[in-house]
Each structure stands twice: as C-alpha cells, then as structure tokens.
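To start, the structure itself, in structure tokens.
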Amino acid sequence: MSTPSTPHEHPGVPHQPAPAQETPGTLAPTPSQTIGPFYGYALPFPGGGEMAPTGHPDTITLHGRVLDGAGEPVPDALLEFWQAGPDGSLRGAPGSLRRDPATGAVIGRDGVEFTGFGRVPTDADGRYALRTLPATAPADRPAAAPYIAVCVFARGLLHHLFTRVYFPEHTAAHAADPLLSQLPAHRARTLVARADGERRYRFDIRLQAPAAGGGDEASEETVFLEFR
C-alpha cells in the first residue's frame, strides 16, 4: 500500500543510518549509495521521453522542473515514469530498451508499442519533458483516479523517491482516490499537474520545502511515498 512518507533529509546532506548489527554467520546488507554521476550517460536511452507511439492523436505532454529546497533547479536528476495502458493493464509491452543485435547499442523504442515506461533526465535548468498517452487508473484498482507513477533519482539521494502525477480533469475521481483522499488539500495539490496549454500539463517536483517561515503553498515539498 502506498502511504505518504515523512519529510526526508535535504538531498545534499544525507542522513547517516546507524551501522547494521551483524548476526554471526551472516553478511551485513550493502548500504545504499548515491547513484551519480555515472547514471547521466549510462541510463538514459534514445526516445526515453517519447512514451506515446509515434503520431498517436491522443498524445499529451507532461513537463516541469525538479527543484531543491531553495527553489533552485536540479540539473542532473533522472525521472522514471510508469503508467497503466489505455485498457488499465499494467503488463506493458517490450520495446523501450531494444538493442542493436550487431553492436549491442541501445536503440530505444520501436515507435509503435506503448510500453508504459519512460526515463527522462533533467537538463541544465532542471527541466524534463515527457510525451505519453493520457493517464488511466490500473484496472485492478477501481477506486483510484488516473495517475502516472514517478521515481526520482538525483545526486545526493541515498534512496530514490516515489511520487505520482494526477491530472486536473479528474477532480471528481480525486475525492475517492485512496491516496489523495487521505491528504490535506494543500498537500494533495502537490500531486496534481496543472494544464498549461492544449494537451499539455506542468508538474514540478520539489525535493524539499523551503526553510521554516519561507515560501507558501506553491512551494510545498512534493508528497513522496513509501511502499510497505
């Protein structure tokens, strides 16, 4: 079940957990580590942000910025997007990470299948853009409002972060959604993209709220989730 997580430490000053206690005859778990900077060239793949099949008439654009606690852009974050297919299916389809059989190089999508998966790095201004199909609710979760799941990686984050993007045209469904309905209104708003053009939505991700006494509801830390 997805539940809101407690506010995390600033990504630039990671919390150091207490050393794990070893049991005789067992190995201690490998500690979490930062993921950069190697992921910036090793993980993005061609067409990672082009989830919608080429020329699909229902394509929408989701874009925004990843921002730190001071409101500054995070230029080296990596975002993964996961969503149900138009029929609500979560099985996806192969095709995102195709490789050239001769060279082994990743050649990306085939331009035809909707795989339900995207991977997009932020640019020097902390911006990202994703072109995908409209969100749907998973078929096995009839009470859920349509959403896209997001995983955030960035330098200094010892643990990647999970969040969701909901869309403003589904306001009626938001009231019954198992996640949004348990959040205060001002916190729920951090998970709802805003329309800013025809078939275009903006969704900014704030890794941390401003210091106490600064900012307003528009600069609230994005709600992040943990899975139990």
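Positions are given from 1, in the same order as the sequence printed here. Computed from heavy atoms alone, side chains included, the values below leave out hydrogens, waters and symmetry copies.
- If you run side-chain contact (heavy atoms from CB on, under 4.5 Å) between R206 and each of T190, D68, V66, L67, only L67 comes through.
- In summary, the aromatic rings of F203 and F167 are positioned with their centroids too far apart to meet the 6.0 Å limit.
- R187 contributes no side-chain N or O that, together with a main-chain N or O of L183, makes up a donor-acceptor pair within less than 3.5 Å.
- Applying the ring-ring contact (aromatic ring centres under 6.0 Å, His included) rule to F114 yields no partners; only residues at least two apart in sequence or on another chain are considered.
- Between the T59 side chain and the T132 main chain, no donor and acceptor come within less than 3.5 Å of each other.
- The distance from the CG atom of L79 to the OG1 atom of T122 is 6.5 Å, given to the nearest 0.5 Å.
- The OH atom of Y201 sits 10.0 Å away from the CD1 atom of I148 when rounded to the nearest 0.5 Å.
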Trace of the salt bridge (Lys or Arg N to Asp or Glu O under 4.0 Å) decision for D123 with R127: CA-CA 5 Å; D123 66 14; R127 299 184 184 278; 5.3 Å; no
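- At least one donor-acceptor pair closer than 3.5 Å links the side chain of Q83 to the backbone N or O of L133.
- Of the possible polar contacts, none joining the D177 side chain to the S181 backbone as a donor-acceptor pair under 3.5 Å is found.
- The salt bridge (charged side-chain N to carboxylate O under 4.0 Å, His left out) search around R202 returns D204, not counting sequence neighbours.
- Between the side chain of T163 and the backbone N or O of V223 there is at least one donor-acceptor pair closer than 3.5 Å.
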Please walk me through it: do E50 and R109 pass salt bridge (Lys or Arg N to Asp or Glu O under 4.0 Å)? CA-CA 8 Å; E50 304 297 326; R109 304 182 190 280; over 6 Å; no
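- With R119 contributing its side chain and G49 its backbone, the two residues share no donor-acceptor pair below 3.5 Å.
- Here CZ of F162 is found 4.5 Å from SG of C151. Values are rounded to the nearest 0.5 Å.
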Would H174 and Y166 count as a ring-ring contact (aromatic ring centres under 6.0 Å, His included) if you check the C-alpha gap in whole Å, the side-chain angles of each, and the deciding distance to 0.1 Å? CA-CA 8 Å; H174 293 172; Y166 291 85; 5.7 Å; yes
